[in-house]
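Comments concern the structure below.
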Amino acid sequence: MEPEILELESFLPYRLYRLADTVSREFSKIYRERYGLTRPEWRTLSGLGQRGTMTAKELGEQSAMHKTKVSRAVAELERRRWLTRTPDENDRRVEHLTLTKAGLAAYREMVPLAKAFERELLARLSGEERVAVAKGVAALEETLSSS
(Lines give C-alpha, C1' and ligand atoms only; values in the text may rest on other atoms or scores of the structure.)
Protein backbone atom coordinates (compact mmCIF):
# COMPACT_ATOMS: atom_id res chain seq x y z
CA MET A 1 0.00 0.00 0.00
CA GLU A 2 1.38 3.39 -1.06
CA PRO A 3 1.78 6.05 1.62
CA GLU A 4 -0.66 8.94 1.32
CA ILE A 5 0.85 12.08 -0.19
CA LEU A 6 -0.19 15.62 0.61
CA GLU A 7 -0.40 17.77 -2.51
CA LEU A 8 0.41 21.23 -1.22
CA GLU A 9 -1.00 22.96 -4.30
CA SER A 10 -4.49 21.73 -3.39
CA PHE A 11 -4.14 21.86 0.43
CA LEU A 12 -6.33 24.75 1.61
CA PRO A 13 -4.11 26.01 4.48
CA TYR A 14 -1.14 26.16 2.12
CA ARG A 15 -3.17 27.89 -0.59
CA LEU A 16 -4.48 30.48 1.87
CA TYR A 17 -0.98 31.13 3.19
CA ARG A 18 0.42 31.59 -0.32
CA LEU A 19 -2.45 33.86 -1.33
CA ALA A 20 -2.14 36.01 1.80
CA ASP A 21 1.61 36.25 1.34
CA THR A 22 1.27 37.21 -2.33
CA VAL A 23 -1.32 39.90 -1.60
CA SER A 24 0.75 41.21 1.30
CA ARG A 25 3.89 41.38 -0.85
CA GLU A 26 2.04 43.23 -3.61
CA PHE A 27 0.66 45.76 -1.14
CA SER A 28 4.04 46.11 0.57
CA LYS A 29 5.48 47.53 -2.65
CA ILE A 30 3.34 50.63 -2.13
CA TYR A 31 4.46 51.52 1.39
CA ARG A 32 8.01 50.24 0.91
CA GLU A 33 8.60 52.40 -2.18
CA ARG A 34 6.91 55.47 -0.74
CA TYR A 35 8.05 55.30 2.90
CA GLY A 36 10.69 52.58 3.13
CA LEU A 37 8.58 50.60 5.60
CA THR A 38 8.78 46.88 6.23
CA ARG A 39 5.62 44.80 6.63
CA PRO A 40 5.93 44.74 10.46
CA GLU A 41 6.45 48.52 10.48
CA TRP A 42 3.38 49.01 8.29
CA ARG A 43 1.28 46.72 10.51
CA THR A 44 2.46 48.59 13.61
CA LEU A 45 1.76 51.98 12.06
CA SER A 46 -1.67 50.94 10.81
CA GLY A 47 -2.62 49.31 14.12
CA LEU A 48 -1.78 52.46 16.02
CA GLY A 49 -3.42 54.62 13.36
CA GLN A 50 -6.63 52.64 13.66
CA ARG A 51 -6.76 52.13 17.41
CA GLY A 52 -4.75 55.01 18.87
CA THR A 53 -2.70 54.03 21.90
CA MET A 54 -1.77 50.35 22.26
CA THR A 55 0.81 48.25 24.05
CA ALA A 56 3.33 46.11 22.15
CA LYS A 57 1.48 43.01 23.35
CA GLU A 58 -1.82 44.33 21.99
CA LEU A 59 -0.13 45.18 18.68
CA GLY A 60 1.25 41.66 18.43
CA GLU A 61 -2.16 40.13 19.08
CA GLN A 62 -3.96 42.46 16.68
CA SER A 63 -1.46 41.98 13.85
CA ALA A 64 -0.51 38.33 14.52
CA MET A 65 3.17 39.30 14.76
CA HIS A 66 5.79 37.77 17.03
CA LYS A 67 6.94 40.07 19.82
CA THR A 68 10.44 40.42 18.35
CA LYS A 69 8.99 41.75 15.08
CA VAL A 70 6.79 44.16 17.00
CA SER A 71 9.78 45.29 19.07
CA ARG A 72 11.91 45.96 15.98
CA ALA A 73 9.08 47.78 14.22
CA VAL A 74 8.41 49.94 17.29
CA ALA A 75 12.11 50.79 17.59
CA GLU A 76 12.30 51.82 13.93
CA LEU A 77 9.13 53.92 14.05
CA GLU A 78 10.41 55.57 17.22
CA ARG A 79 13.74 56.26 15.48
CA ARG A 80 11.80 57.98 12.69
CA ARG A 81 9.91 59.94 15.36
CA TRP A 82 6.62 58.43 14.19
CA LEU A 83 5.69 57.03 17.59
CA THR A 84 6.29 57.65 21.26
CA ARG A 85 6.44 55.30 24.21
CA THR A 86 4.87 56.18 27.55
CA PRO A 87 5.54 53.92 30.56
CA ASP A 88 2.44 52.53 32.27
CA GLU A 89 1.82 54.17 35.65
CA ASN A 90 1.06 50.84 37.32
CA ASP A 91 3.44 48.48 35.56
CA ARG A 92 6.86 49.74 34.43
CA ARG A 93 7.27 46.71 32.14
CA VAL A 94 4.43 47.98 29.95
CA GLU A 95 4.68 50.89 27.54
CA HIS A 96 1.82 52.62 25.77
CA LEU A 97 2.62 53.36 22.14
CA THR A 98 1.10 56.31 20.31
CA LEU A 99 1.73 57.83 16.90
CA THR A 100 3.28 61.29 16.81
CA LYS A 101 1.88 63.99 14.49
CA ALA A 102 4.37 62.88 11.83
CA GLY A 103 3.40 59.22 12.25
CA LEU A 104 -0.29 60.04 12.12
CA ALA A 105 0.26 62.16 8.99
CA ALA A 106 2.08 59.27 7.28
CA TYR A 107 -0.71 56.87 8.31
CA ARG A 108 -3.37 59.22 6.94
CA GLU A 109 -1.50 59.50 3.64
CA MET A 110 -1.37 55.72 3.38
CA VAL A 111 -5.04 55.00 4.13
CA PRO A 112 -6.29 56.06 0.67
CA LEU A 113 -3.48 54.08 -0.94
CA ALA A 114 -4.47 50.97 1.02
CA LYS A 115 -8.13 51.39 0.14
CA ALA A 116 -7.29 51.90 -3.53
CA PHE A 117 -5.15 48.75 -3.50
CA GLU A 118 -8.05 46.78 -2.01
CA ARG A 119 -10.52 48.21 -4.57
CA GLU A 120 -8.19 47.33 -7.45
CA LEU A 121 -7.64 43.83 -6.11
CA LEU A 122 -11.36 43.18 -5.70
CA ALA A 123 -12.11 44.71 -9.11
CA ARG A 124 -10.34 41.70 -10.65
CA LEU A 125 -13.26 39.57 -9.40
CA SER A 126 -16.87 39.51 -10.51
CA GLY A 127 -19.50 40.77 -8.08
CA GLU A 128 -20.50 37.19 -7.34
CA GLU A 129 -16.87 36.21 -6.66
CA ARG A 130 -16.41 39.19 -4.30
CA VAL A 131 -19.46 38.13 -2.29
CA ALA A 132 -18.26 34.52 -2.21
CA VAL A 133 -14.75 35.53 -1.04
CA ALA A 134 -16.15 37.79 1.70
CA LYS A 135 -18.54 35.09 2.92
CA GLY A 136 -15.91 32.36 2.78
CA VAL A 137 -13.30 34.38 4.66
CA ALA A 138 -15.88 35.43 7.27
CA ALA A 139 -17.02 31.82 7.72
CA LEU A 140 -13.45 30.57 8.19
CA GLU A 141 -12.67 33.39 10.66
CA GLU A 142 -15.85 32.61 12.59
CA THR A 143 -15.21 28.88 12.86
CA LEU A 144 -11.55 29.31 13.75
CA SER A 145 -12.16 32.02 16.35
CA SER A 146 -14.65 29.80 18.18
CA SER A 147 -12.29 26.82 18.40
Side-chain angles (χ1 to χ4, degrees), residues 1-80 82-85 88 91 93-100 102-147:
M1 186 170 158
E2 297 260 337
E4 193 173 2
I5 292 175
L6 178 64
E7 293 180 22
L8 286 177
E9 295 75 22
S10 61
F11 184 54
L12 182 62
Y14 181 75
R15 292 176 67 198
L16 290 172
Y17 164 76
R18 297 259 327 232
L19 177 61
D21 189 61
T22 300
V23 170
S24 183
R25 285 182 192 282
E26 281 299 306
F27 178 55
S28 75
K29 292 175 185 175
I30 294 169
Y31 55 78
R32 185 179 55 237
E33 288 171 7
R34 189 171 284 230
Y35 296 97
L37 294 174
T38 64
R39 284 195 274 182
E41 290 161 6
W42 157 251
R43 290 177 187 162
T44 300
L45 183 75
S46 63
L48 291 172
Q50 176 190 358
R51 298 223 167 103
T53 302
M54 297 175 75
T55 65
K57 182 178 180 181
E58 291 167 337
L59 269 167
E61 290 168 356
Q62 182 252 350
S63 63
M65 284 192 297
H66 190 271
K67 61 184 177 181
T68 57
K69 286 191 179 209
V70 172
S71 178
R72 287 184 192 129
V74 165
E76 176 57 23
L77 293 177
E78 183 180 39
R79 187 193 68 73
R80 288 178 182 233
W82 282 11
L83 70 71
T84 58
R85 304 175 196 230
D88 187 274
D91 187 347
R93 297 169 298 176
V94 176
E95 294 177 319
H96 298 280
L97 309 169
T98 309
L99 293 181
T100 62
L104 194 54
Y107 169 75
R108 288 183 176 150
E109 286 176 22
M110 284 189 264
V111 168
L113 299 173
K115 289 185 175 190
F117 175 84
E118 181 183 42
R119 272 192 311 276
E120 290 168 17
L121 180 65
L122 291 172
R124 297 175 186 183
L125 304 175
S126 70
E128 191 175 279
E129 289 169 330
R130 285 192 294 276
V131 169
V133 167
K135 283 184 177 180
V137 168
L140 283 171
E141 289 172 334
E142 175 74 24
T143 41
L144 292 172
S145 69
S146 62
S147 50

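Below, all heavy atoms of this structure are taken into account, side chains as well, without hydrogens, waters or symmetry copies. Here the structure is a predicted model, which means the values were calculated and not measured.
- The line from CG of Leu104 to CG of Leu83 is 12.0 Å long, rounded to the nearest 0.5 Å.
- Contact of the Arg51 side chain with the Glu58 side chain is not registered, since no non-hydrogen atoms from C-beta on lie closer than 4.5 Å.
- Atom CZ of Arg15 has 12 or fewer neighbouring heavy atoms from other residues, nucleotides or ligands inside a 6.0 Å radius.
- The stretch residues 104-122 participates, sequence neighbours left out, in these side-chain hydrogen bond (donor to acceptor under 3.5 Å, both in side chains) pairs: Tyr35-Glu109.
- Using a 30° and 60° split on the angle between ring planes, Phe27 and Tyr31 fall in the perpendicular class, above 60°.
- Residues Arg124 and Glu129 form no side-chain contact, since every pair of their non-hydrogen atoms from C-beta on lies 4.5 Å or further apart.
- For the residue pair Arg130 and Leu122, the shortest heavy atom distance occurs at NH1-O, 3.2 Å.
- Among all heavy-atom pairs drawn from Tyr14 and Leu8, the shortest one is CD2-O, 3.0 Å.
- With values rounded to the nearest 0.5 angstrom, Asp91 atom CG is found 10.5 Å from Thr55 atom OG1.
- For the pair Ser24 (side chain) and Asp21 (backbone), a donor-acceptor distance under 3.5 Å is absent.
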In sequence, state the C-alpha distance, the side-chain angles, and the governing distance for Thr84 and Thr98, and then conclude on side-chain hydrogen bond (donor to acceptor under 3.5 Å, both in side chains). CA-CA 5 Å; Thr84 58; Thr98 309; 4.7 Å; no
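- Atom CG of residue Leu97 and atom OG1 of residue Thr44 lie 8.5 Å apart, to the nearest 0.5 angstrom.
- The line from CG of Leu48 to NE2 of His96 is 12.5 Å long, rounded to the nearest 0.5 Å.
- Contact record, Phe11 with Leu6: CD1-CD1, 3.6 Å, taken as the closest heavy-atom pair.
- Here CZ of Arg34 is found 4.5 Å from CG of Leu113. Values are rounded to the nearest 0.5 Å.
- Val23 and Phe117 get closest at one heavy-atom pair: O-CZ, 3.8 Å.
- Between the side chain of Ser46 and the main chain of Trp42, a donor-acceptor pair closer than 3.5 Å is present.
- Between Leu121 and Glu26, the closest side-chain pair of non-hydrogen atoms is not below 4.5 Å.
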Got a list of side-chain donor-acceptor pairs under 3.5 Å for residues 65-75, not counting sequence neighbours?
| residue | atom | partner | partner atom | Å |
| --- | --- | --- | --- | --- |
| His66 | ND1 | Thr68 | N | 3.1 |
| His66 | ND1 | Thr68 | OG1 | 3.0 |

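- Residues Ser63 and Arg43 come closest through the heavy atom pair CB-CB, 4.2 Å.
- Atom CE of Met54 sits about 10.5 Å away from atom CG of Leu99, to the nearest 0.5 Å.
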